[in-house]
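First up is the structure itself, then whatever we jot down about it.
By convention in this document, chain letters (A, B, ...) are assigned in the order of the sequence lines, proteins followed by strands, and residues within each chain are numbered from 1.
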Amino acid sequence: MKDSYYITTPIYYANDVLHIGHTYTTVAADIITRWKKNSVNNVFFLTGSDEHGSKICEAAKEKNKEPLAYCNEIVDSFKNTWQQLNIEYTSFIRTTDTVHILTVEKFIQALYDNGDIYKSNYEGLYCVPCEKFLSPTELVNDLCPDHNTKPVKQCEENYFFRLSKYRDQLIELITNKNHLQHFDILPEQRRNEVLGKLKLGLDDISISRTNLPWAIPLPFDKSQTIYVWIDALLNYISAIGYADDSEKTQFKKFWPADVHLLAKDILWFHSVIWPAMLLALKLPLPAKVFSHGFFTVEGQKMSKTIGNVLHAEDLVKIYGVDATRFLLLTAFPFGSDGDISLALFKEKYNAHLANNIGNFVSRVTNMAQKYFNGKVTIPENWPDPEITEILKILEPADTHISNVRVDSFIEIMISLSSWGNLYIDKNAPWQLAKTDMKALEKVLYNALIIIKYIAVLSSAVMPESAVKIWKTIDEKQDIQECARNLAKLSPLTGSNVNKPEILFPKIL
RNA sequence: CGCGGGGUAGAGCAGUCCGGCAGCUCGUCAGGCUCAUAACCUGGAGGCCGUUGGUUCAAAUCCAACCCCCGCAACCA
């Protein structure tokens with residue numbers, strides 16, 4: 001059993017600042033990472049930036065900057081966004097990093113030596129203003145949809161990767177769950193989509209360009225540069241030391257990746273081209289790729305033209321970091337498309353965070369203060385059958401994370417809190433306060449236990465709130481240790497429940 | 001016959017793989033409680049589960065046909 005876990009987000013294209021979709025992927029990865037760290041010693045969470053290609057040049061030119069200088073600024077903004085959202089990535093890879101460039105050269109050379117790259121003519125329709133080839137399906141009335149001009153037929157000598165050679169093997173590895181190298185594509189609909197397309201046939205792909213200076217030159221023919229997507233995919237191994245002999249142990253420890261998180265637009269690259277490249281060099285395939293859905297904003301596609309692009313920073317201003325992380329990932333099931341709106345966020349915030357979880361913490365800690373001055377001692381014969389009920393709620397937590405169902409994981413917190421609210425109501429501690437202090441103490445103790453476990457789950461989802469709760473109930477136990485032993489309830493270790501602070505103020 | 005997603009209460013969504021009392025959040029109405037962030041709890045009203053046909057003891061779920069909406073070309077995960 002390997003004691004390591006490797007999770008990645010895509011590297012985001014550095015032609016513009018990040019929006020809420022990028023944040024969605026990255027927060028999901030962060031939640032999984034934080035939870036995995038409880039039980040796995042070596043967790044590697046990779047994110048980064050994709051910095052080559054013509055669009056980067058264009059964006060830089062528009063700002064009168066050199067491409068690299070422009071990328072540096074964008075990368076700063078990426079890192080700043082991640083810091084604001086409490087993203088604890090292990091490493092941030094840039095495709096302009098030396099280590100990455102060396103990896104790409106080494107990998108492509110190996111493919112070439114292997115006979116998987118050959119030279120051939122690429123004939124296509126080239127749009128001059130776009131400076132790129134357009135596929136026939138892109139054309140509108142035979143014209144470039146962006147420029148309304150007729151593309152010219154152009155022939156270019158390119159290098160091709162023998163993608164077609166790996167088709168059968170890929171189909172087998174995706175389909176056969178018992179295969180040692182089984183490569184899983186999730187959710188299932190997406191897998192079917194990929195398989196359907198694969199069965200239609202697979203062509204070799206051009207992996208080089210002749211007129212694109214802002215890219216990595218081919219090691220065996222410096223007159224051409226490497227197609228950005230081929231370059232970009234290799235980030236997943238360059239970041240963990242594939243090309244660096246002194247880092248061999250690191251690469252060995254983490255490769256293959258446990259999960260590549262991504263959105264559906266780039267599914268094909270990750271589920272066909274990337275694994276085929278790995279197969280070509282006999283490297284193990286990632287265990288799974290998980291493709292989550294797209295947002296629409298109030299029923300409309302998120303687009304600059306419409307002007308409805310949401311940025312995570314906007315949400316953080318309204319709800320704070322923790323709530324933003326929570327709200328994004330519970331907006332709709334992880335894996336399908338969904339619609340979001342500020343009204344929806346507000347509703348969910350008040351319903352789940354303010355009224356349910358926040359208020360639960362507040363009412364229980366208040367009573368602990370009021371009736372026992374914060375000193376609630378452990379009841380006899382604890383844990384009693386009543387409180388052990390919550391083990392059933394906690395039980396699927398690890399499974400949800402392993403299945404990349406971050407939304408279901410978060411739901412557990414809500415379930416715990418709902419269970420707690422009901423438990424309080426059934427036992428009416430304010431009545432017990434008049435008649436039976438011992439019974440009262442037991443009820444409050446159990447309620448505090450529920451709060452403790454809300455904090456434990458929260459340490460992955462809403463880290464700041466987790467710390468606040470931990471302080472409020474004066475917990476001394478290591479929160480990771482508690483998370484590691486979810487199957488058995490740990491008692492309270494603090495001696496004094498403090499005055500609660502409002503975790504999630506209601507928003508009117 | 002291009003590919004894919006979707007149509008479930010006033011709104012937003014789960015449930016569909018694997019058929020078995022139609023569920024959740026919000027809203028709404030009535031009640032309870034008074035520890036709490038005007039929070040919490042209980043109950044009610046509100047559904048031809050897009051349409052039609054089929055399979056079945058039994059269909060939101062499986063099969064067939066059809067209708068409607070949204071993506072697949074972009075700046076994008």
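Residue A/K55 has a polar side-chain atom (N or O) positioned under 4.0 Å from OP1 or OP2 of B/C75. Side-chain nitrogen and oxygen atoms of A/Q431 include none within less than 4.0 Å of the OP1 or OP2 phosphate oxygen of B/C35. Between A/K506 and B/A39 there is a side-chain N or O to OP1 or OP2 distance below 4.0 Å.
Residue A/R405 is the one, among A/L422 and A/R405, whose nearest nucleotide of RNA chain B lies closer to the 5' end (criterion: closest heavy atom). Toward the 5′ end of RNA chain B lies the nearest nucleotide of A/F332, the other residue of the pair A/F332 and A/M367 mapping further downstream.
Pairing of B/C48, defined by two Watson-Crick or G-U wobble distances under 3.5 Å, is not identified with any nucleotide. Nucleotide B/G12: paired with B/C24 (Watson-Crick or G-U wobble, both distances less than 3.5 Å). Taking a pair to require two hydrogen-bonding distances under 3.5 Å in either a Watson-Crick or a G-U wobble arrangement, B/U37 remains unpaired. Figure legend. B/G4 is base-paired to B/C70; pairs are counted as Watson-Crick or G-U wobble with both atom distances under 3.5 Å. Remark: B/U61 base-pairs with no nucleotide; criterion is Watson-Crick or G-U wobble with both hydrogen-bond distances under 3.5 Å. For B/G43, the paired base is B/C29 (Watson-Crick or G-U wobble, both distances below 3.5 Å).
Heavy atoms of A/K370 sit under 4.0 angstrom from primed sugar atoms or phosphate atoms, though from no base atom. Nucleic acid contact class of A/N356 (heavy atoms, under 4.0 Å, all strands): none. A/D265 comes within 4.0 angstrom of sugar-phosphate atoms only, judged by non-hydrogen atoms across all strands, and of no base. As judged by a 4.0 angstrom heavy-atom cut-off over every strand, A/I266 is placed among residues touching the sugar-phosphate backbone only. Here A/H22 lies in heavy-atom contact (under 4.0 Å) with sugar-phosphate atoms only. Across all strands, A/P10 comes closer than 4.0 Å only to sugar-phosphate atoms, never to a base (heavy-atom distances).
When the P atom of B/U25 is taken as reference, atom CZ of A/F326 falls 13 Å away, rounded to whole Å. Note: CG (A/L267) to P (B/C72) measures 16 Å, nearest angstrom. To the nearest angstrom, C1' of B/U37 lies 12 Å from CZ of A/F504. Taking atom CG on A/L18 and atom P on B/C75, their separation rounds to 17 Å, with Å as the unit. Between the CD1 atom of A/I502 and the P atom of B/A39 there is a distance of 13 Å, given to the nearest Å. Straight-line distance from the NZ atom of A/K468 to the C1' atom of B/U37: 14 Å, rounded to whole Å. Atom CG of A/N366 and atom P of B/C33 are 21 Å apart (whole Å). What separates CZ of A/F294 from P of B/G5 is a distance of 15 Å, to the nearest Å.
Here the side chain of A/Y371 is nearest to one of B/C26, B/C35, B/C75, namely B/C35. When distances run from any side-chain atom of A/W430 to the nucleotides B/C75, B/U34, B/A36, the shortest one goes to B/U34. Listed nucleotides B/U34, B/G4, B/C40 differ in distance to A/R190; the shortest reach to its side chain belongs to B/G4. Side-chain proximity of A/I424 to B/C35, B/U37, B/C75: nearest is B/C35. For A/N421, taking side-chain heavy atoms from C-beta onward, the closest of the listed nucleotides B/A39, B/C40, B/U25 is B/C40. The listed nucleotides are B/C75, B/C40, B/C35; the one nearest the side chain of A/N355 is B/C40. The side chain of A/D425 lies closest to B/C41 when the candidates are B/A36, B/C41, B/C33. With distances taken from any side-chain atom of A/E193 to the nucleotides B/U25, B/A36, B/G4, the minimum falls on B/G4. Here B/C26 is the nucleotide among B/G4, B/C26, B/C35 with the atom lying nearest to any side-chain atom of A/A351.
A/W382 does not carry A/K442 over the face of its six-membered ring by the limits of under 6.0 Å from the centre and within 45° of the normal. Cation-pi check for A/K63 over A/Y70 is not met; the charged atom does not lie both under 6.0 angstrom from the ring centroid and within 45 degrees of its normal. Annotation: cation-pi geometry satisfied between A/K264 and A/F294 (NZ/CZ under 6.0 angstrom from ring centroid, within 45° of ring axis).
Taking the six-membered ring for Trp and thresholds of 30 and 60 degrees, A/Y89 and A/F45 have ring planes more than 60 degrees apart, a perpendicular arrangement. Taking the six-membered ring where tryptophan is involved, the planes of A/Y227 and A/F269 are tilted, since the angle between them lies from 30° to 60°.
Side chain to side chain, A/S465 and A/D322 meet the donor-acceptor criterion of an N or O pair below 3.5 Å. A donor-acceptor pair shorter than 3.5 Å cannot be found between the side chains of A/R34 and A/N86.
When ring centroids are compared, A/H292 and A/Y24 come within the 6.0 Å threshold.
Spacing between B/A22 and B/A58 at atom P, rounded to whole Å, works out to 15 Å.
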